[in-house]
Asker: 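Below are the structure tokens for one structure; questions will follow.
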There are 2 protein chains.
Amino acid sequence: MRARIEDVAVAAGVSMKTVSRVMNGEANVREGTRLRVTAAMEKLNYRPDPSARRLAGQRSYEIVLAYNNPSRNYLMDVVTGVLAASRSCHYNLVLSPISSPRDIDEIFVHAHPDGAVLTPPLTDDPVVIAALERHQLPYSCLSPLDRIARIGAYIDDVAAARSLVLELAALGHRRIGHICGAKGHGAREWRLAGYKQALKEVGLPYDRSLVVSGEFLFESGVDGARTLLGLKQPPTAIFAANDDTAAGVLRTAAELGLRVPHDLSVCGFDDTPVASQILPALTTVQQPITEMARIATLQLIDRIRDPKAGAMEQVDYRLIQRESVGPAP
Amino acid sequence: MRARIEDVAVAAGVSMKTVSRVMNGEANVREGTRLRVTAAMEKLNYRPDPSARRLAGQRSYEIVLAYNNPSRNYLMDVVTGVLAASRSCHYNLVLSPISSPRDIDEIFVHAHPDGAVLTPPLTDDPVVIAALERHQLPYSCLSPLDRIARIGAYIDDVAAARSLVLELAALGHRRIGHICGAKGHGAREWRLAGYKQALKEVGLPYDRSLVVSGEFLFESGVDGARTLLGLKQPPTAIFAANDDTAAGVLRTAAELGLRVPHDLSVCGFDDTPVASQILPALTTVQQPITEMARIATLQLIDRIRDPKAGAMEQVDYRLIQRESVGPAP
DNA sequence: CTGAAAGCGCTTACAG
DNA sequence: CTGAAAGCGCTTACAG
């Protein structure tokens with residue numbers, strides 16, 4: 001039979017309350033007592049009953065992962081990270097797909113979470129944020145626009161995009177196109193900013209006709225490349241806001257009979273599986289998504305335990321050089 | 001403040017126990033009483049406290065989704081379906097990645113689920129199944145090898161594969177290659193069986209040299225196509241066990257300078273996003289994965305409530321004809 | 001630094 | 001067909 005807190009208390013020769021104190025890392029337990037209790041927990045292989053904790057403590061020990069419509073690859077990596085961090089702290093993960101911003105209130109019907117992890121673009125949705133504030137729910141963000149007021153994790157998208165474009169310039173490209181990400185995503189703004197910054201550094205003009213809108217989709221790349229490559233003076237390189245978009249660019253290039261990288265250089269962002277599978281393989285930027293999610297979740301748990309704790313942490317990205325980038329023709 | 005069962009009881013003029021009966025769909029409640037209670041629940045917007053139910057009932061109302069390493073696209077579709085079904089029945093979803101079959105016991109450390117949904121190939125892993133039986137945990141399967149003894153949902157993979165190959169034969173192909181799926185997956189056996197069956201029906205010989213092993217991966221397609229297209233008498237069509245594999249075939253074909261479908265016809269299976277994004281778009285088979293997951297979860301919940309309930313349901317697939325298949329050269 | 005009592009919101013026997 | 005009591009395994013005040 002499963003050991004209960006009472007069994008541990010008897011085995012350690014203390015009261016239930018003391019076991020509870022040790023279990024929850026509370027202060028005011030003598031070191032010797034603590035050791036006797038942990039030994040008893042160990043020996044009995046004690047695991048607190050989650051339901052009893054929740055009921056008595058009036059807390060759920062649940063963390064909601066709220067997401068709307070990011071790529072599946074991204075989301076699965078996030079899930080892995082959140083799961084790892086929440087389990088290590090005896091929290092449970094509840095998945096909450098959010099189809100409309102108003103759905104955010106649904107969360108509080110299905111569950112009574114102690115906190116939430118948000119993925120972009122929910123991180124920057126005023127309706128979502130307002131709802132969380134109203135419910136006074138602690139939350140943590142992956143790559144939010146606002147890095148000052150939030151806790152969570154992010155990479156320096158601006159610097160990453162800048163390096164990519166600087167590399168293109170170093171290979172002699174003078175007309176470098178950019179297909180933007182979806183509006184409302186921080187990643188759109190940062191990657192565009194990195195693009196502009198790199199141009200300025202190498203003394204290239206910022207030509208608005210070389211920048212087209214997009215949605216982070218394959219189709220964005222197809223359409224964007226048609227526009228860019230149909231210009232009187234088409235670019236010799238295209239920096240796509242993500243790998244899916246870059247894959248679309250490759251498709252259009254193939255349709256137009258352009259060889260990559262001989263006639264056109266292309267780079268993406270994210271290093272999703274398609275980046276290494278497509279022909280030619282994409283030069284891109286790798287984000288440690290699982291690690292970011294893990295860190296953001298740990299920050300959240302810190303904040304749940306102490307409203308003043310938790311921080312916004314920057315993690316490192318990595319440039320992945322493959323075959324889709326070459327010297328300017 | 002949140003309504004409790006006691007509040008509902010007072011409002012309806014009955015005891016807590018009667019409210020509990022109505023809530024759990026138990027028998028022996030007079031119709032008039034039932035109506036008064038449901039009206040009171042409605043009016044107070046009553047939601048039972050999950051933790052209290054779990055603690056008192058000694059059940060978790062949790063359903064584990066156990067998965068090891070299927071494709072992310074597949075898994076996200078499964079998650080969507082399981083989530084929909086479990087929520088509609090007031091069950092919670094707990095994700096359980098299983099890296100090694102022995103990890104299955106971990107499930108019972110982190111949670112005390114009322115049931116489990118299994119994805120392939122866990123569905124056919126003797127170690128996993130034995131552990132579930134030992135813990136006497138009800139479980140439901142997606143596309144298990146054994147359709148007789150299990151409950152869950154499946155499509156007729158054999159028939160789907162057969163149609164694909166029959167279509168190739170109808171277009172004049174006489175040498176049709178097959179790159180198999182991973183060992184231990186029912187899908188491997190069924191798709192191979194459908195391939196063989198179609199050949200037999202149209203009077204083509206089964207040539208072992210035209211069938212190569214694979215792992216459902218992009219790389220399987222690259223390697224498999226190199227082998228097949230390097231034969232003295234190479235096939236004019238290749239049926240890949242899934243879309244990722246087919247994408248690999250397309251890559252190798254491009255490297256060898258073969259045009260698809262002019263020089264080589266290719267078809268996949270699953271209709272993942274890559275199938276419509278790759279050039280040329282893949283002829284393939286669409287499985288309603290989300291719907292299958294929803295059905296399998298409902299069957300599981302039936303079985304949780306009654307050990308004799310629950311069934312194995314067949315759902316329909318759909319042939320998707322795109323551009324990767326054409327007449328034999 | 002430690003403990004005895006009450007209570008979280010339900011369900012489970014049991015009684016009628 | 002319905003209800004009063006006990007109990008699920010913890011935590012929260014409160015007391016010492």
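By convention in this document, chain letters (A, B, ...) are assigned in the order of the sequence lines, proteins followed by strands, and residues within each chain are numbered from 1.
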Asker: Report the distance from atom CG of B:Asp49 to atom C1' of D:dC10, rounded to the nearest whole Å.
Answerer: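 So the CG-C1' distance, B:Asp49 to D:dC10, works out to 13 Å.
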Asker: Any side-chain donor-acceptor pair under 3.5 Å between B:Tyr139 and B:Glu133?
Answerer: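 Distance-only check passes for B:Tyr139 and B:Glu133.
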Asker: Whether B:Tyr46 contacts C:dC10 is assessed here as follows: a side-chain N or O lying under 4.0 Å from the phosphate OP1 or OP2. Is that the case?
Answerer: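 Yes.
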Asker: Does NZ or CZ of B:Arg53 fall inside the cone over B:Tyr61's six-membered ring, less than 6.0 Å from its centre and within 45° of the axis?
Answerer: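 So B:Arg53 does make the cation-pi contact.
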Asker: Under 3.5 Å for both donor-acceptor distances, Watson-Crick or wobble: does D:dA13 have a partner, and if so which one?
Answerer: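 Here D:dA13 is not engaged in any pair, so there is no nucleotide opposite it.
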Asker: Do A:Gln286 and A:Tyr317 pass the side-chain hydrogen bond (donor to acceptor under 3.5 Å, both in side chains) test, and can you show the C-alpha distance, the side-chain angles, and the key distance before you say yes or no?
Answerer: CA-CA 6 Å; A:Gln286 182 183 75; A:Tyr317 62 85; over 6 Å; no
Asker: Check the phosphate of D:dT11 against A:Arg53, side-chain N and O only, distance under 4.0 Å to OP1 or OP2. Yes or no?
Answerer: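 Yes, such a contact exists.
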Asker: Could you tell me the Watson-Crick or G-U partner of C:dA4, where both distances fall under 3.5 Å? Say none if there is no partner.
Answerer: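 Base partner found: none.
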Asker: Give each protein N/O atom lying under 3.5 Å from an N/O atom of nucleotides 3-7 of chain D, with the pair distance.
Answerer:
unit_1: D:dG3; atom_1: OP2; unit_2: B:Ser15; atom_2: N; d: 3.0
unit_1: D:dG3; atom_1: OP2; unit_2: B:Ser15; atom_2: OG; d: 3.1
unit_1: D:dG3; atom_1: OP2; unit_2: B:Thr18; atom_2: OG1; d: 2.7
unit_1: D:dG3; atom_1: O6; unit_2: B:Arg21; atom_2: NH2; d: 3.0

Asker: Specify the separation, in whole Å, of atom CZ of A:Arg30 and atom C1' of C:dT2.
Answerer: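 From A:Arg30 CZ to C:dT2 C1': 9 Å.
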Asker: From the set D:dC10, C:dC8, C:dT11, return the single nucleotide nearest to any side-chain atom of A:Ala52.
Answerer: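 Nearest to the side-chain atoms of A:Ala52, counting from C-beta on, is D:dC10.
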Asker: Flag the pair B:Asp49 and A:Arg54 as a salt bridge only when some basic side-chain nitrogen lies within less than 4.0 angstrom of an acidic carboxylate oxygen.
Answerer: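 A:Arg54 and B:Asp49: not salt-bridged.
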Asker: Measure the spacing between CE of B:Met41 and CD1 of B:Ile5 and express it to the nearest 0.5 Å.
Answerer: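 If we round to the nearest 0.5 Å, B:Met41:CE and B:Ile5:CD1 are 9.0 Å apart.
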Asker: Hey, which of these two, B:Arg34 or A:Glu6, hits DNA chain D nearer its 5' end, going by closest nucleotide?
Answerer: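 By nearest-heavy-atom nucleotide position, the 5'-most residue is B:Arg34.
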Asker: Take atom CE of A:Met41 and atom P of D:dC10, then tell me their distance rounded to the nearest Å.
Answerer: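 After rounding, the gap between these two atoms is 11 Å.
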Asker: Take the protein atom CD1 of A:Ile5 and the nucleotide atom P of D:dC8, then report the distance between them rounded to whole Å.
Answerer: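 The distance from CD1 of A:Ile5 to P of D:dC8 comes to 14 Å, rounded to the nearest Å.
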Asker: Within a strict 4.5 Å, meaning less than it, do heavy atoms of the A:Trp190 and A:Ser143 side chains meet?
Answerer: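 When only atoms from C-beta onward are counted, A:Ser143 and A:Trp190 do touch, with a gap below 4.5 Å.
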Asker: Could you state the CD-P distance from A:Gln58 to C:dC10, rounded to the nearest angstrom?
Answerer: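 Going from A:Gln58 (CD) to C:dC10 (P), I get 10 Å.
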Asker: Between A:Tyr61 and D:dC10, does any side-chain N or O lie under 4.0 Å from OP1 or OP2?
Answerer: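 False: A:Tyr61 side-chain N/O out of range (4.0 Å or more) of D:dC10 OP1/OP2.
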Asker: For B:Ser20 and C:dT11, is the shortest distance between a side-chain N/O and OP1 or OP2 below 4.0 Å?
Answerer: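 Result: yes.
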Asker: Measure CG/B:Asp7 against C1'/C:dG9 and give the value in whole Å, please.
Answerer: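 So the CG-C1' distance, B:Asp7 to C:dG9, works out to 10 Å.
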Asker: Under a plain distance cut-off of 3.5 Å, with no hydrogens placed, do A:Asp270 and A:Gln287 share a side-chain donor-acceptor pair?
Answerer: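 The criterion, which ignores hydrogens and geometry beyond distance, is satisfied for A:Asp270 and A:Gln287.
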